[in-house]
Amino acid sequence: MLSWMVIVAAGFLAGCLNALAGGGTFLTFPALVWFGLPPVMANATATVAALPGYIGAAHAFRASLRAEGALGLRAYLLVAALGGVIGALLLLVTPSSVFSGIVPWMLLLATVLFAAGPRLVVILRRGDRPGPGRAATLMAMLAVCIYGGYFNGGLGILLLAAFGLVGFHDLNGMNGLKNLLSAILSLLSVMTFAIGGIVSWPEALVMSVAALTGGYAGAWAARHWLSPAAIRWFVIFVGVVMTALFFWKGA
């Protein structure tokens, strides 16, 4: 009973965090590992839990969807689908022992990206310099989408940073496309994980419902009394603690 309470609480709080600032993976992935799932299965299951939130956010931002830079909207969608499948397939063939060794570094990368993300996006969007050509844009976006299919933590910040790098300037359009690409690549990843048999569905379904509920609660709290800055610092704190714990566990 305690284990399931932790799963529900982690999903609920992750939904709140994702609605406010992002970073829910810092809670769902460690909670699933603590629950007893192998790291590879915990990562796949956490991606399933995050998927409904991505779909809801993509729907909410549908009016802001637009493509900038060297590619059209269809090309970005195809790159997201391809990257999600490639990343998921890489996870399927990664031995559990190897993935366990990678996890602390992935959490560290996600934490640093989350902490530096807003400043990084501002820097990349500064000025009127032209973006890279089609080939460079494709490679940059594909690399980010493969990362997202492999490990979901920090995906939103990476996508925003990549958009700034390839020539985006409209922040609403960036957020809209970020949510749509996250939904598409996560959906393809989840389908790949399901076929590969590495999703623990009872935990995934319970955590998904809890995350959806938390998302509504987080949106309400954001409108009434929570400070976005305080939430960001809380997410960074959680990321630092979880990263340290996984490094300590692997030592």
Side-chain angles (χ1 to χ4, degrees), residues 1-35 37 41-62 84 106-107 110-111 113-115 117-118 148-149 151-160 175-176 178-187 189-190 193 199-243:
M1 180 62 69
L2 175 62
S3 298
W4 283 104
M5 289 174 63
V6 169
I7 291 294
V8 171
F12 180 83
L13 291 175
C16 290
L17 292 181
N18 286 334
L20 293 164
T25 302
F26 292 134
L27 292 173
T28 54
F29 174 74
L32 289 164
V33 172
W34 178 85
F35 189 80
L37 298 186
M41 182 173 285
N43 182 44
T45 304
T47 302
V48 175
L51 179 58
Y54 286 142
I55 293 174
H59 183 265
F61 275 92
R62 64 192 183 279
M106 301 287 276
L107 288 173
T111 302
L113 286 171
F114 189 88
F151 186 75
N152 216 251
L155 173 60
I157 290 296
L158 265 179
L159 283 171
L160 288 176
N175 274 317
K178 175 201 72 174
N179 287 304
L180 180 59
L181 296 190
S182 296
I184 288 173
L185 72 87
S186 295
L187 177 61
S189 298
V190 165
F193 295 152
V199 176
S200 184
W201 288 105
E203 292 86 351
L205 294 175
V206 169
M207 192 170 268
S208 296
V209 173
L212 278 173
T213 306
Y216 281 105
W220 178 88
R223 290 195 303 268
H224 290 82
W225 55 277
L226 280 181
S227 162
I231 293 298
R232 278 195 57 81
W233 280 110
F234 175 73
V235 173
I236 293 168
F237 170 76
V238 171
V240 169
V241 170
M242 292 303 173
T243 300

> Any side-chain heavy atom of T45 within less than 4.5 Å of one from M207?
Replying inline: no

> Between A204 and V48, what is the shortest heavy-atom contact and its length?
Replying inline: CB-CG1, 3.7 Å

>> Among residues at least two apart in sequence or on other chains, which ones pass side chain to side chain donor-acceptor pair (under 3.5 Å) with S208?
In response: none

>> A110: which residues meet the side chain to side chain contact (heavy atoms under 4.5 Å, CB included) condition with it, sequence neighbours left out?
In response: F26, Y147

> Among all residues two or more places apart in sequence or in another chain, which pass the side chain to side chain contact (heavy atoms under 4.5 Å, CB included) test with L187?
Replying inline: L51, M191

> Do you know the tightest heavy-atom contact between A31 and A10?
Replying inline: CB-CB, 3.5 Å

>> To the closest 0.5 Å, what do you measure between CG (L32) and CD1 (I7)?
In response: 4.5 Å

> Which heavy atom of S200 sits nearest a heavy atom of M41, and at what distance?
Replying inline: CB-SD, 3.9 Å

> Does F193 reach the side chain of T47, with side-chain heavy atoms less than 4.5 Å apart?
Replying inline: yes

>> Please find the pair of heavy atoms, one from A211 and one from A49, that lie closest to each other, and give the distance.
In response: CB-O, 4.1 Å

>> Checking W4 now: which residues fulfil ring-ring contact (aromatic ring centres under 6.0 Å, His included) with it, not counting sequence neighbours?
In response: F35

>> Are the side chains of L155 and L185 in contact, using a 4.5 Å heavy-atom criterion?
In response: yes

>> Between V199 and V190, does the side chain to side chain contact (heavy atoms under 4.5 Å, CB included) criterion hold? Intermediate values first, please.
In response: CA-CA 8 Å; V199 176; V190 165; 5.6 Å; no

> How far does CG of L37 sit from CG of N43, to the nearest 0.5 angstrom?
Replying inline: 11.0 Å

> Got a sec, which residues hit side chain to side chain contact (heavy atoms under 4.5 Å, CB included) with V8, two or more places apart in sequence or on another chain?
Replying inline: V206, A210

>> Once rounded to the nearest 0.5 Å, what's the spacing between atom CD1 of I55 and atom OG of S186?
In response: 8.5 Å

>> Suppose we screen for side chain to side chain contact (heavy atoms under 4.5 Å, CB included). Which residues come up paired with I184, at least two apart in sequence or across chains?
In response: L77, A80, A81, L180, L188

